[in-house]
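Quick notes on the structure that follows.
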Amino acid sequence: MSEGDSIGESVHGKPSVVFRFFSRFGQVYQSWLDKSTPYTSVRWLMTLGLSLLYMIRVYILQGWYIVTYALGIYHLNLFIAFLSPKVDPSLMEDSDEGPSLPTKQNEEFRPFIRRLPEFKFWHSATKGIVVAMGCTFFEAFNVPVFWPILVMYFIMLFCITMKRQIKHMIKYRYIPFTHGKRKYKGKEETGKPFSS
């Protein structure tokens, strides 16, 4: 292997300018992602704002419906992964390997672990909107289609997919929106000390 053959190195052994730029860009981008992690509502509001901006752009330009349809399918796929458990209970039915969801009242509480965590769901959804927005700047992606058929097909696909997901949730008795272990209240305290 000759000098300068490794990835990111120039002929003189130092990292190339392009490699350093993208390395630094990746570090800054990851830093901003890390800082945004605790601000869930702000992140989703920014994504909704970006989504609204994209919809306004598509409405004004009267085109790029196929890109919008692809974005909708991508978001539906992300949403289904967000609602699904990490370990599919239908695959774990016969074997006793790994964690499973409680199916009886007296079983130990196990928290719901998602196949796609909320942060990755948000990050992927936002990246999808940015890519779709970028596609609207290129005429090659403006494929002429009759958009009402795409809307009708998307609604049908959404209903069928959600019906299947809800049946799966009912069959294996899991709710993807639990917020921890149930808290049981004891008897209300009257404020009187115990008498013996």
Practice task
Assess the pair Trp32 and Tyr29: is the distance between their ring centroids shorter than 6.0 Å?
Solution key: no
Handout entry: hydrophobic_cluster_shared for Ile129 and Leu33, side chain cutoff 4.5 Å
Key = yes
Problem - Centroid separation Phe79 to His75 less than 6.0 Å - result: no
Handout entry: Common cluster, Ile166/Tyr172, ILVMFWY with side-chain heavy-atom separation under 4.5 Å
Key = no
Handout entry: Whether Thr47 side chain and Arg43 backbone form a donor-acceptor pair below 3.5 Å
Key = yes
Exercise for the section: Could you tell me the separation between the CE atom of Met162 and the CD1 atom of Ile160, rounded to the nearest 0.5 Å? Expected result: 13.0 Å
Handout entry: His168 and Lys171: CA distance, side-chain angles, deciding distance, side-chain contact (heavy atoms from CB on, under 4.5 Å) verdict
Key = CA-CA 5 Å; His168 191 267; Lys171 182 178 180 183; 5.8 Å; no
Problem - Interatomic distance, Leu48 atom CG to Ser41 atom OG [nearest 0.5 angstrom] - result: 11.0 Å
Problem - Joint hydrophobic cluster, Met133 plus Val131, side-chain heavy atoms closer than 4.5 Å - result: no
Handout entry: Atom pair CD1 (Ile170) and CD (Gln165), whose distance is rounded to the nearest 0.5 Å
Key = 11.0 Å
Practice task
Would you sort out whether Phe137 and Arg57 count as a side-chain contact (heavy atoms from CB on, under 4.5 Å), showing the intermediate values?
Solution key: CA-CA 10 Å; Phe137 289 100; Arg57 179 164 172 77; 3.2 Å; yes
Completion exercise
Closest non-hydrogen atoms of Trp122 and Ser36, given as atom of the first, atom of the second and distance, are CH2-OG, 4.2 Å
Handout entry: Exam field: side chain Ser23 to backbone Phe19, donor-acceptor pair closer than 3.5 Å
Key = yes
Handout entry: Nearest atoms (heavy-atom pairs only) where Leu78 meets Ala125
Key = CD1-N, 3.6 Å
Exercise for the section: Start with the C-alpha gap between Glu118 and Trp44, add the side-chain angles, then the distance that decides, and say whether side-chain contact (heavy atoms from CB on, under 4.5 Å) holds. Expected result: CA-CA 10 Å; Glu118 180 273 331; Trp44 281 104; 2.5 Å; yes
Problem - Arg164 CZ to Cys159 SG distance, which is reported to the nearest 0.5 Å - result: 13.0 Å
Exercise for the section: Could you walk me through whether Thr68 and Tyr54 pass side chain to side chain donor-acceptor pair (under 3.5 Å), step by step? Expected result: CA-CA 9 Å; Thr68 305; Tyr54 172 76; 2.8 Å; yes
Problem - Heavy-atom neighbours of Phe119 CZ exceed 12 at 6.0 Å - result: yes
Fill in the blank from the handout: Arg114 and Phe82 have their tightest heavy-atom pair at NH1-O, 2.8 Å
Exercise for the section: Answer with yes or no whether the hydrophobic clustering places Leu52 together with Tyr74; edges join I, L, V, M, F, W, Y residues whose side-chain heavy atoms lie under 4.5 Å apart. Expected result: no
Handout entry: Any Leu150 side-chain heavy atom under 4.5 Å of Ile66 side chain
Key = yes
Exercise for the section: Starting at CG of Leu71, measure out to CE of Met55 and round the result to the nearest 0.5 Å. Expected result: 9.0 Å
Handout entry: Val58 versus Gly63, closest heavy-atom pair with distance
Key = CG1-O, 3.3 Å
Practice task
Indicate the ring-plane relationship of Phe25 and Phe21, choosing parallel, tilted or perpendicular according to the 30° and 60° boundaries.
Solution key: parallel
Handout entry: Linked, directly or transitively: Phe141 and Val130 (ILVMFWY side chains, under 4.5 Å)
Key = yes
Problem - Backbone of Phe121 reached by a side-chain donor or acceptor of Ser124 within 3.5 Å - result: no
Exercise for the section: For the pair Trp64 (side chain) and Phe138 (backbone), establish whether a donor and an acceptor sit closer than 3.5 Å, ignoring hydrogens and angles. Expected result: yes
Handout entry: Check: Thr161 side chain, Phe158 main-chain N or O, donor-acceptor pair, under 3.5 Å
Key = no
Handout entry: Heavy-atom pair with the smallest gap, counting every atom of Pro38 and Asp34
Key = CD-O, 4.1 Å
Handout entry: Worked verdict on Tyr69 versus Trp147 for side-chain contact (heavy atoms from CB on, under 4.5 Å)
Key = CA-CA 9 Å; Tyr69 175 74; Trp147 66 267; over 6 Å; no
Completion exercise
Distance col, row Leu116:CG vs Ile80:CD1, nearest 0.5 angstrom, shows 11.5 Å
